[in-house]
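Structure first, commentary second.
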Number of protein chains: 2
Amino acid sequence: MPPKKKSKVDSSRIPSDDGNLESDSETGNPIEKKSKTANEKKSKRKKALSTDVDNIKVTPTFQNKTSTEFHEQDFSNVSKTPDGKKWNIKVATWNVDGLRAWIKKGGLAYLEHESPDILCLQETKCSESKLPKEVVVPGYHTYWCFSEADGHAGLGLYTKVKPDTVSYGIRIPEFDKEGRLIIAEYNTFYLVNVYVPNSGRKLVTLDKRLKWNPKFQELIKDLDSKKPVIVCGDMNVAHQEIDIANPKSNKRNAGFTQEERDGFSELLKSACLTDCFRHIHPDVKGAFTFWTYLANARKKNIGWRLDYCLLSSKLMANFCDCCIRSEVYGSDHCPVVTFLHL
Amino acid sequence: MPPKKKSKVDSSRIPSDDGNLESDSETGNPIEKKSKTANEKKSKRKKALSTDVDNIKVTPTFQNKTSTEFHEQDFSNVSKTPDGKKWNIKVATWNVDGLRAWIKKGGLAYLEHESPDILCLQETKCSESKLPKEVVVPGYHTYWCFSEADGHAGLGLYTKVKPDTVSYGIRIPEFDKEGRLIIAEYNTFYLVNVYVPNSGRKLVTLDKRLKWNPKFQELIKDLDSKKPVIVCGDMNVAHQEIDIANPKSNKRNAGFTQEERDGFSELLKSACLTDCFRHIHPDVKGAFTFWTYLANARKKNIGWRLDYCLLSSKLMANFCDCCIRSEVYGSDHCPVVTFLHL
DNA sequence: CGTGGAAGG
DNA sequence: CCTTGCACG
């Protein structure tokens, strides 16, 4: 769906009423429902900002900025495929650092405004029973992957076109308890929404991370042998020195160890994936998708590029553009948007 | 200090710079200083509302009400002593349910406006190192009693006249770890600021409470044998049926068990104390000082009278009035103010 | 329902 | 710094 005069959600679509957990895919490893009978709704829910479209220009605040700021941004200046075709599919990814806080800050207004065909969310930190009702957005099918441990990790998927199948997890219980992977199979590709394990302060969970890497690689290769793959998510690594503001001081910090960086290189190489932002912007510095909340890092652009869209080599002919929405607030990460012609 | 045209703090006083913990009283049991080198200041501190006096009419909000509301209240219509003397000492008590949150809601503007000679605070829930700098108020000496367990109980004392001695605790380690008692000795009386242990959900700590009661009683009797006593604080009990909105349904709930009510009766009797609010308003119903935050209880005045000023019998000749400031927001309790001629 | 602290990032 | 569950009331 290329941009219209007013990029509104196609309202002819039947509103999604699923939030469906069940996987009908053979790769899926459904997370167990722990239905806490829903009535344990918490106080702050009712304080969530309305996402009434009539109000989105004034009410929701994106941290210290108002949402009007992304209305003023130019979201339309987008490149074309190598053979000159305009984009018709937009895929966005955003680590929201807490779905409920993100909604209160107006996150859903971003969804309305960007109107991607697919939006991958990471770190929803929200169990099924605590999902605010506002997460159901007309025009989108929604899928959720929950961590067993409440308030950690977790993924969301918004998609205008209903996938043929949706499955959850990487088939390793240790990881699949944590809500780190959604695979959505579409007609012509797989979409993988991923939240890669963080190596932790003082690298206490680096081992776990290094166990994840080959498994994930294998999974992607397996999928790619059937259909091309789009991987979106928080890879929890800044790949090269250009992808981080302070490479020197972070060499032994989670997200920039040699092990993690090598693991990412390996993934790209062995699964034939392309980091599509870096592909079109090989030399752009200061392009980050995450800034710690501490010490005003975002204002100073002391950041990390941790969020990626990776494309199977077969999809590079369809690739138009990839943009980092660094002006969009609402989390310590910002959205990354990829444009394809399919 | 009787009411002036504008009851401002006496600015001729040297500003207090103490926040002194040391007790020079022989009854005192100083809580150990656990000086966490102060630099672990937390984020929210800087967000605290300014208490700039020029702004108190507009900026601080008391929950859903603004502080202007207490400016409009009539705080001056006060009774006299039995022999017709006007008050010259005002003693206030307020369970603030978290000093830092209370400050953000404009609590210090109340202090400025009420301008009591003595203000007793309970449930400050704030360790020494986390005390916001704004707690120092010109014209007042301040004293703090901290719980060893961070974020629980804790007391504060604001006093225009510096007490001769200030001591902390009831001389029982179990209780004195928790920041539940300050004794300030003045020339002609003792002021006791107290936060009585709560019996807990399902009365899990009723035993502890029943252990406290006789010890406290003994302490007051001991003090009273030297000088008359003013006891201010959260007694964590609604004394009679008239002191609670729903007596029937709360008979086995913390704060209205027969044991707690009897304990309070006992205290009044054996230590010869008078519940001075009830003394002048023997039949007034719906006079509460606490409302649970749940279910809009305060709006519906479904409350409890838990906060008291108790006076030694010798002081009843000096007693003028006692008011419940139920219109003052900022906590789930409201202030109680007592007027004396001394 | 609202305050605090703890763990995770 | 910020969001989450949790303990306490």
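Letters A, B, ... are given to chains in the order of the sequence lines, protein chains preceding strands, and every chain is numbered from 1.
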Side chains of A/W144 and A/T124 in contact at under 4.5 Å (non-hydrogen atoms): yes
Tell me, do B/Y143 and B/N193 make a side-chain contact under 4.5 Å, heavy atoms counted? no
Check the distance between [N]'s [atom2] and [X]'s [atom1] and give it to me in whole angstrom.
| X | N | atom1 | atom2 | value |
| --- | --- | --- | --- | --- |
| B/K130 | C/dG4 | NZ | P | 10 Å |
| B/N198 | D/dA7 | CG | C1' | 13 Å |
| A/D234 | C/dG8 | CG | P | 17 Å |
| A/I302 | D/dC1 | CD1 | P | 15 Å |
| A/Y195 | D/dT4 | OH | C1' | 12 Å |
| A/L121 | D/dT4 | CG | C1' | 17 Å |
| A/K202 | C/dG8 | NZ | C1' | 15 Å |
| B/R209 | D/dG9 | CZ | P | 12 Å |

Candidates [options] - which lies nearest the side chain of [X]:
| X | options | answer |
| --- | --- | --- |
| B/Y293 | C/dC1, D/dT4, C/dG4 | C/dC1 |
| A/K125 | D/dG9, D/dC1, D/dT4 | D/dT4 |
| B/K105 | D/dC1, C/dG2, D/dT4 | C/dG2 |
| B/H152 | D/dC8, D/dT4, D/dC2 | D/dC8 |
| B/D97 | D/dC1, D/dT4, C/dT3 | C/dT3 |

Look at the rings of A/H333 and A/F290 and say which category their plane angle falls in: under 30° parallel, 30 to 60° tilted, over 60° perpendicular. tilted
Look at the aromatic rings of B/F175 and B/W212 and report parallel, tilted or perpendicular, splitting at 30° and 60°. perpendicular
Option from B/K215, B/K208, B/K211 for which salt bridge (charged side-chain N to carboxylate O under 4.0 Å, His left out) with B/E174 holds: B/K211
Start at the 5' end of DNA chain D and walk down; is the nucleotide closest to A/T292 or to A/G151 reached first? A/T292
